[in-house]
Amino acid sequence: MQLSLPPDWQALLGPELEQPYMLQLQRFLQAEQQAGKQIYPAPEHWLHALQSTALEDVKVVILGQDPYHQPGQAHGLSFSVPPGIKVPPSLRNIYKELQADLGITPAQHGCLESWARQGVLLLNAVLTVEQSQAASHQKRGWEHFTDKVIHAVNAHCHGVVFILWGSYAQKKGAFVDTQRHLVLHSPHPSPLAAHRGFFGCRHFSQANAFLKARGRTPINWQLPELDTDSDPAEHR
């Protein structure tokens, strides 16, 4: 098992993959697989967020915590699930806020690939998880690696919107330079917290206003409708 990065990310983060903590993480993941444990997402999607959004294209960063840990859900993008998979509760609340903020009718699927292709880096802090074991791969090294990803965006990009939902994301993004970037905070969109200030945060319109003010193309937050009856395994 060898982790590989797209060329632009490789130039900055390639040496990170050879650091002792990352080599130890890869040995851990390999041992877990050899022990017959089901790891999500599939290995080819562990770095899917970086494969989907080039460094030079990053306009918005949405930080998540861990991948979904039930079969078929995780595919390497924070808050996103493949076509054909039921929309999770937090994402349903994100759709509700999108509708209130920009009048966008909620999509009938949970695949956020079109956001990623437009420059929305959908990054989880931890990039793998064991089936049915939430947070099982925390403190194994992923957090340090994804901190390096955020540092790369902070240092090498200009005018990025960092959307930090919940205290975990806010702590992880605390070092972002607010002179160079826009940092938006709110409670997490989960059903337990969304009514404490996530609803009404208007982060999507704020992000687009910031991008437009800097001469950048805003994000089209309207997700294209997909064939949700297709085999979700095709999209993992």
Side-chain angles (χ1 to χ4, degrees), residues 49 52-53 58-70 73-82 85-116 118-127 129 134-135 138 142-143 146-147 149-150 153-154 159-178 181-213 218-224:
S52 299
T53 309
V58 175
K59 297 177 180 178
V60 178
V61 178
I62 298 179
L63 287 181
Q65 189 165 352
D66 289 277
Y68 298 118
H69 56 81
Q70 293 303 316
Q73 290 183 309
H75 66 144
L77 303 178
S78 61
F79 295 100
S80 180
V81 293
I85 299 296
K86 183 179 178 182
V87 179
S90 291
L91 186 53
R92 285 202 300 271
N93 285 339
I94 290 170
Y95 288 173
K96 288 179 184 178
E97 176 58 23
L98 256 179
Q99 186 167 29
D101 187 8
L102 293 173
I104 291 175
T105 302
Q108 298 304 302
H109 62 86
C111 183
L112 306 182
E113 293 272 6
S114 76
W115 292 1
Q118 294 179 71
V120 181
L121 181 62
L122 296 164
L123 183 69
N124 280 318
V126 178
L127 301 184
V129 70
Q138 287 186 4
W142 280 129
E143 294 95 335
T146 53
D147 278 349
V149 174
I150 300 168
V153 174
N154 181 56
V160 172
V161 183
F162 287 81
I163 295 180
L164 308 179
W165 293 327
S167 58
Y168 186 93
Q170 288 158 23
K171 289 174 185 174
K172 191 168 182 68
F175 61 81
V176 173
D177 183 354
T178 56
H181 308 290
L182 175 64
V183 180
L184 300 174
H185 299 85
S186 85
H188 196 276
S190 75
L192 296 175
H195 291 281
R196 299 177 192 156
F198 173 76
F199 291 132
C201 69
R202 300 184 63 86
H203 282 177
F204 303 101
S205 60
Q206 288 185 64
N208 277 355
F210 180 83
L211 293 171
K212 285 191 283 189
I219 304 299
N220 178 7
W221 297 105
Q222 177 72 66
L223 293 164

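Distance NE2/H109 to OG/S80: 9.0 Å, rounded to 0.5 Å. With rounding to the nearest 0.5 angstrom, the OG atom of S190 is 13.0 Å from the CG atom of L91. Of the inter-residue distances, the one linking L77 atom CG with C111 atom SG reads 7.5 Å to the nearest 0.5 angstrom. Rounded to the nearest 0.5 angstrom, T53 OG1 and E113 CD are separated by 9.0 Å. Considering CG of D101 and CD of Q206, their distance stands at 8.0 Å, rounded to 0.5 Å. Rounding to the nearest 0.5 Å gives a distance of 6.0 Å between CG of L223 and CG of L112.
Between R202 and E97, the closest heavy-atom pair is N-OE2, 2.9 Å. Nearest heavy-atom pair across V87 and G110 is CG2-N, 3.7 Å. Minimum heavy-atom separation, W221 to A207: CZ2-CB, 4.4 Å. The shortest non-hydrogen separation linking Y95 to A107 is CE1-O, 3.6 Å. Of all heavy-atom pairs between N220 and Q118, the closest is N-OE1, 2.7 Å. The nearest pair of heavy atoms linking A193 to P187 is O-CB, 3.7 Å.
Checked by atom type and distance alone, the side chain of N208 never pairs as donor or acceptor with a backbone atom of P218 at under 3.5 Å. With Q170 contributing its side chain and W165 its backbone, the two residues share no donor-acceptor pair below 3.5 Å. When atom types are taken as modelled, the side chain of S186 and the backbone of F198 share no donor-acceptor pair closer than 3.5 angstrom.
For H195, the ring pair (Phe, Tyr, Trp, His ring centres under 6.0 Å) test picks out F199, with sequence neighbours left out. By the salt bridge (Lys or Arg N to Asp or Glu O under 4.0 Å) test, D177 pairs with no residue at all, sequence neighbours left out.
Using a 4.5 Å heavy-atom threshold, the side chains of L184 and C201 count as separate. Inter-residue side-chain proximity for S78 and N124 is flagged as met; some heavy-atom pair is nearer than 4.5 Å. Using a 4.5 Å cut-off on side-chain heavy atoms (C-beta onward), I150 and F162 make contact.
Annotation: side-chain hydrogen bond (donor to acceptor under 3.5 Å, both in side chains) contacts involving residues 60-69, sequence neighbours excluded, comprise D66-Q138.
Checked options V58, L121, N154, V60; the residue passing with V160 is V58 (criterion: side chain to side chain contact (heavy atoms under 4.5 Å, CB included)).
In this structure, F79 has its ring center closer than 6.0 angstrom to the ring center of H188.
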Apply side chain to side chain contact (heavy atoms under 4.5 Å, CB included) to K172 and E143, showing your working.
CA-CA 9 Å; K172 191 168 182 68; E143 294 95 335; 4.2 Å; yes

